[in-house]
Amino acid sequence: MEHHEELPFWRKYILSTDHKVIGIQYALTGGFFLFFGFGLMMLMRWSMAFPDQPVPYLGFLFSESGGAISPNTYNTFGAMHGTIMVFMGVVPLAFGAFGNYVLPLQIGAVDMAFPKINAASYWALFVGGMIMLASFFLPEGPAKSGWTSYPPLADIDVGAGQTYWLIGMVFLITSSLLGAINFITTTIQLRAKGMTFMRLPFLVWTQLVTAILLLLAFPPLEAAAFLQLMDRLADTSFFLATGLVVSGQVADISGGGSPILWQHLFWFLAHPEVYVLILPALGIVTEIIATNSRKPIFGYKSMVYSLIFLGFMSFVVWAHHMFITGMGTTMNAFFQTTTMIISIPSVIILSCLFISLWGGSLRFNTPMLFALAFLPMFGIGGLTGLPLGLSSADIHLHDTYYVIGHFHYVVAPGTLFALFAGIYYWFPKITGRMMNEVLGKIHFVGSLIFMNLVFFPMMIQGLAGVNRRLYDGGASYADPAAVIDPGFYSHVANVLHLNKLMTYSAWALGIVQIFFLINLVWSIKKGKKASRNPWNSTTLEWAAPSPPGHGNFDGPIAVYGNPYEYSVPGEERDFSPQFEPGGHPQSQKEEI
Amino acid sequence: MGKVEGHDLEELNSHVRTCIAIFVGLLALTMITVSVSYLDLPVPAAISLALCIALVKGSMVVSIFMHLVSEKEIIFWSLSLTVIFFIFLMAIPVITQEDIIKQTIEVRH
Amino acid sequence: MQQQPMNDFFGFPWMPIDVSEHGKALDDLNIWVHWLMLLLFVGWMGYFIYVLFRFRQSRQPRAVYAGTKSHFGTYVEVSVILAEIVLLAGFSIPLWAQWVDDFPPEEESVIVRVVSEQFAWNFHYSGPDGVFGDTLPELIDVETNPLGLDREDPNAQDDVITKRLYLPVDKPVITHLTSKDVIHSFGIPAMRVKQDIIPGSSIPVTFKPVVVGKYLIACSQLCGVSHFSMRGFIEVLTQDEFAQWMDTEVAKAISEKEQGDMW
Amino acid sequence: MSGVEIPYVSSPRPDTGLVNAKLGIWLFLASEVMLFGGLFSAYVLLRVGADVWPEGSTILNVPLATLNTVVLISSSITMVLAWASLVRLDFNKYRLYNYGTLLCGAIFLVIKYIEYSSKFHHGLYPSESTFMAIYFTLTGLHGIHVIGGMLVLSYLCWPGSKMWKTEPIRFTGRVEVAGLFWHLVDLVWIFLFPVLYLM
Ligand code: HEA
Ligand code: HEA
Ligand code: CUA
Ligand SMILES: [Cu+2]
């Protein structure tokens, strides 16, 4: 590569427009917020297991309530945990970081199509994140109406927290929109010579569909955020019905609005959003399973078609979050049916991944372990979506810990595991060094055990009918002193003790992450040196130096075959990279 | 007269002529829709007429001013997708809102 | 707190007891769909563990390019589709239709207006005349008149307003749910009832308690700082007890009204 | 940043037939359509659910809005002509037409300002009724788009037009792309006008 003039530090690492630097910025920001959101949850879990007792060591943070977490603080933390994890943790990491770093490399591009917009996208995230963080320092604290921010509660919330939340969301939405435009354009326009659509690595496909979901689903939430801002700042009543009486006073509003309107606009985004959380994870897992089972993915094409179908259908299932808002039979049947239909492509994708393992030669390195564990964990999460999707079964389960258990199985031991796998897998490409396997395996085993100990008991509590968003973990429903006179049936009493188990496990989960962080920092300087292609992989990113320089590849790059040509009969090596002629004759049939 | 590469001047001239025709058409339709609104038609008829005219005007702008008619396939597809989701977004919330648990019993006051 | 009786869920005491008429059908659906999930999970898990063991690198040094040609995956997918169709068309949709459309005749049911507010439940019975008195938001007084009942309205004379929900056993109940401020949710875990209460609309829900006892209402939608303690109390009485209770309350309401007039 | 050459910035990619910016702007417009879609959906839902809904013309000023419609449509045609002038290598005419577009934009905003202040004068604030609320929100958001479009056009009229000397094809592309955005702003108004004022 030709030599470039040295750029000053701030141009190179802060205001950079290089997709790799921006990818790392996204990763660090997303990682920070994941940790922060987890920190909030560790405090909340204390309150659920030991309500009203002072938090050990950190009690000084809650001096107003004697060191314990008050219901109000709990609500703010809960809303912010959800917001931070979803919009500022997983989206930046799974979409922003992996998409930015890996996607251009995998399609053989020199950079993103719009490098400046790419940087702007990151900085919009940064500003949004700062606004959200700033809201913690407001006198009344941050938003406290759940990550769903349902009005009228959110509308009439006192203090500026909810307003900060809305403005922060506008920035986060802008960030995702800019990112999405960039990803789609890059994938369509900057594919290397020979990289046809059916030769794209599955990760690129998942990022492409994710970008489309973000592009078309986010704007309605932005519109809704404007409407809620109007309600809060200009005293309109978009979401306020006529005749509200708040704390004994008839509210001074024009009325005529609809609280359900917000729910429609919110879930129009938020259901596609949950697929935004899972699709990149599926892509990462597919890459790693192909590499480490040393054979092509089974049913690549049907996976791609399922993915597209899934993306499309995700726009017509949103009201399964609203089953019990008073829906009639017709629309209810419609949404149940679409929900059941959308589970089919997931079943197909997962089946293909399972079947891909058959006949492989499985290497159990750390990324592979996380990727393999992803399958049953996502399986549990996805399967528990089915009873929720059948509205009659959802009557009992709605807004209980069963829902919390359902989606944490998909996002925590699901998406987070895939993200861990991705970090272990692409770390050598990013830094030129391998991560430590021993620490990695400790991290894996610990995470697997404790994730399940946190989230499985939630299913049990949920079936028993314990509600979510209770700062005391349901104790009010089981306490004989509080349940005014004895003789009331308590559905909570038998499962309350599980709270302690979950809380201890959540902390243990936190401790296990220390191994990961140590590994991460230590390996940057001390890890084993990695070659260009340490995993003997076939996709394009492994043709670039580790780490890739400015402009990514040594020279023009072309693609000759399908993405996962492993163990081709008759070839000596067990991998036939896309960027080299060779591979199975079948895979070279399609020309550009 | 010179031109920027990649464009055909003949085509451009005819495109500009079409645009001016469309411009006149848009003005005319604006006048029509305003005058119709003074006719005091029944509300449903007025709404449908106004929306139809707006749709015609809109498609004129999109297809000619934004020259979508001669645009590439990929753009066409991504816009079709948008239109489908737009229709979902417009229709499904209202339909759902109309199909709420309703039965004959009203609270008697 | 002492242990509570629970219902069986795959051999575990994980479901609350069910004292409603319709609850059994919902639980059955829940159990059927969990059977499907269990089947899929155990099946794939068995396969998965076998594969991890059978195709580990030391046992299988070079992978087989072609993998499997079997159509096993397709069979699984088709069976899942069929099972889902059965669950939907056979159970869930009809059950829902029954839940929201099949209301008992008004004459045979107890009709209660449920008015929720941050963070309390109010129950409004129409009394013997069967007609609810007018409620006006201006009249609301948190202490004395939580619903703003217009005591001047002749229909309001015999109206009973309580903080606990008293119901007769074996008689259908029709509740009309309204909220004064934010969204709450009328959840009764032991009766498999749950319905969001949307301010601005009145949503009818019907169910039928079949066992005498005392049960809890759990507000199931985040409604503010004390959402955690927004419990409500239901006492299901025998029909005689209920009639007696109602008579006393009505008498009380009327006498209070007369006292009010004397002042 | 210097160094990497991103392909298809000014000449189209053969198999898709597009330059990057063209695809990018259409994607952006798609998201804009969904943004206004969310608001229109809110309008429909609120209107269907309302007991009474005022006829726009009884509250709002139809003649002024009609004038504004004409102004915006005119700005669209000057936008087309500006771009066409560039293709014909006539930079001065491009500027002239661009001034025209900017002027129309400014007139639009002034008229909007007159409308708003007369409403405020009569004590009609967004908090008055759902109709006023949606009126102010929709037209306000549209107004912000007009301002945004004018900023882009001003940039392309003055500082950004330096590119014409160095990369004329790319500059023409930029003007075209800015034009697409401007037409969308026009398009949104074409729907806003009857929806708010006439029905
Ligand atoms: C990544 C996130 C993600 C994903 C992928 C999903 C996937 C699904 N979700 Fe989930 N969901 C959420 C995140 C997610 N969800 C969140 C965050 C909420 C709560 C929001 C809130 O209220 O705060 C929620 C809530 C939620 C509800 C509302 C519940 C309620 O509030 O009452 C419903 C109802 O239908 C639902 C259904 C589904 C369904 C049917 C799927 C399907 O797509 C699942 C399809 C997958 C499968 C069917 C698995 C197939 C697997 C196999 C066949 C193999 C099995 C093998 C082994 C296990 C070894 N979800
Ligand atoms: C992506 C989404 C996501 C993720 C990952 C998580 C992760 C976790 N969540 Fe969360 N949760 C939500 C989204 C998420 N959650 C949402 C939307 C809600 C609903 C909120 C509401 O009610 O409004 C919720 C609510 C919720 C509740 C219910 C609260 C209530 O109803 O009152 C609980 C209870 O235990 C909980 C627990 C946890 C735990 C223990 C984890 C653990 O799994 C956390 C594990 C975290 C880590 C292991 C950190 C990993 C990161 C690193 C190691 C850094 C990496 C660094 C670099 C890359 C540089 N969550
Ligand atoms: Cu009322 Cu929660
Ligand atoms: Cu969903």
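Chain A is the first sequence line, chain B the second, and so forth, proteins listed ahead of strands; every chain is numbered from 1.
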May I ask you to name which of [options] has the most heavy-atom pairs under 4.5 Å with chain A?
options                          : result
W96(C), F9(C), F12(C)            : W96(C)
Q60(C), M191(C), Q221(C), R62(C) : R62(C)
I140(C), L177(C), N7(C)          : I140(C)
M6(C), Q195(C), R56(C)           : Q195(C)
A218(C), P13(C), C219(C)         : A218(C)
S92(C), P189(C), G200(C), A25(C) : S92(C)

For each of [options], tally heavy-atom pairs with chain C at distances under 4.5 Å, and name the one with the top tally.
options                            : result
R363(A), Q336(A), M459(A)          : Q336(A)
G146(A), P296(A), G379(A)          : P296(A)
G473(A), G360(A), A251(A), S351(A) : G360(A)
L375(A), L496(A), V492(A), I355(A) : I355(A)
D157(A), T148(A), N72(A), T325(A)  : T325(A)
G326(A), A333(A), S391(A)          : S391(A)

Is it the backbone or the side chain of [X] that comes under 4.5 Å from a heavy atom of chain C, or both, or neither?
X       : result
F298(A) : side chain
F364(A) : side chain
N75(A)  : side chain
P387(A) : both
T384(A) : both
L357(A) : both
I156(A) : side chain

Can you see which heavy atom on [X] is nearest to which on [Y], and at what distance?
X       : Y       : result
S567(A) : Y65(C)  : O-CB, 3.2 Å
A493(A) : Q4(C)   : CB-CG, 3.7 Å
K295(A) : V64(C)  : CE-O, 3.5 Å
S392(A) : L95(C)  : OG-CB, 3.4 Å
R164(C) : F488(A) : NH1-CZ, 3.7 Å
P199(C) : L244(A) : CB-CD2, 3.6 Å

Only pairs at least two apart or in different chains count here, so list each salt bridge (charged side-chain N to carboxylate O under 4.0 Å, His left out) that has a residue in residues 9-29 of chain C.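 Matches after skipping sequence neighbours: E21(C)-K208(C), K24(C)-D28(C), D27(C)-R192(C).
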Is any side-chain heavy atom of [X] closer than 4.5 Å to a side-chain heavy atom of [Y]?
X       : Y       : answer
H398(A) : S220(C) : no
P5(C)   : Y489(A) : yes
Q57(C)  : S361(A) : yes
L386(A) : E84(C)  : yes
H22(C)  : I395(A) : no
P152(A) : I183(C) : yes
Y150(A) : V182(C) : no
H491(A) : M15(C)  : no

Between [X] and chain A, with a heavy-atom cut-off of 4.5 Å, which part of the residue counts as in contact: side chain, backbone, both or neither?
X       : answer
I198(C) : side chain
L52(C)  : both
M45(C)  : side chain
Q118(C) : side chain
I217(C) : backbone
I203(C) : side chain
P137(C) : both
L29(C)  : side chain
V193(C) : backbone
E138(C) : backbone
Y47(C)  : side chain
W99(C)  : side chain

field: Proximity of residues 460-467 of chain A to chain C, residues having a non-hydrogen atom under 4.5 angstrom
entry: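 Residues of residues 460-467 of chain A touching chain C at under 4.5 Å: I460(A), L463(A), A464(A), G465(A), N467(A).
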Answer with yes or no whether the side chains of S185(C) and D399(A) bring together a donor and an acceptor at under 3.5 Å. no
- Query: Which value, rounded to the nearest 0.5 Å, describes the distance between I81(C) atom CD1 and I341(A) atom CD1?
  - Reply: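 Between I81(C) CD1 and I341(A) CD1, I get 9.5 Å after rounding to 0.5 Å.
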d(R468(A) CZ, L222(C) CG) to nearest 0.5 Å is 9.0 Å
Within residues 72-80 of chain C, contacts to chain A at heavy-atom distances under 4.5 Å involve G73(C), E77(C), V80(C)
Could you go through residues 33-42 of chain C and list every donor-acceptor pair under 3.5 Å that involves a side-chain atom there, pairing it with any protein atom two or more places apart or in another chain?
unit_1 : atom_1 : unit_2  : atom_2 : d
H34(C) : ND1    : N30(C)  : O      : 2.8
H34(C) : ND1    : N30(C)  : OD1    : 3.2
H34(C) : NE2    : Y402(A) : OH     : 2.7

**OP:** Decide side-chain contact (heavy atoms from CB on, under 4.5 Å) for F228(C) and R469(A); before the verdict, give the C-alpha distance in whole Å, the side-chain angles of both, and the deciding distance to 0.1 Å.
**Re:** CA-CA 7 Å; F228(C) 73 95; R469(A) 294 166 166 172; over 6 Å; no
>> Evaluate T337(A) against L88(C) for side-chain contact (heavy atoms from CB on, under 4.5 Å), listing each step before the verdict.
In response: CA-CA 7 Å; T337(A) 310; L88(C) 266 180; 4.1 Å; yes
Got a sec: does the CD of Q249(A) have more than 12 other heavy atoms crowding it under 6.0 Å?
->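 No, not enclosed.
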Check your understanding: CH2 of W32(C): more than 12 outside heavy atoms within 6.0 angstrom?
Key -> no
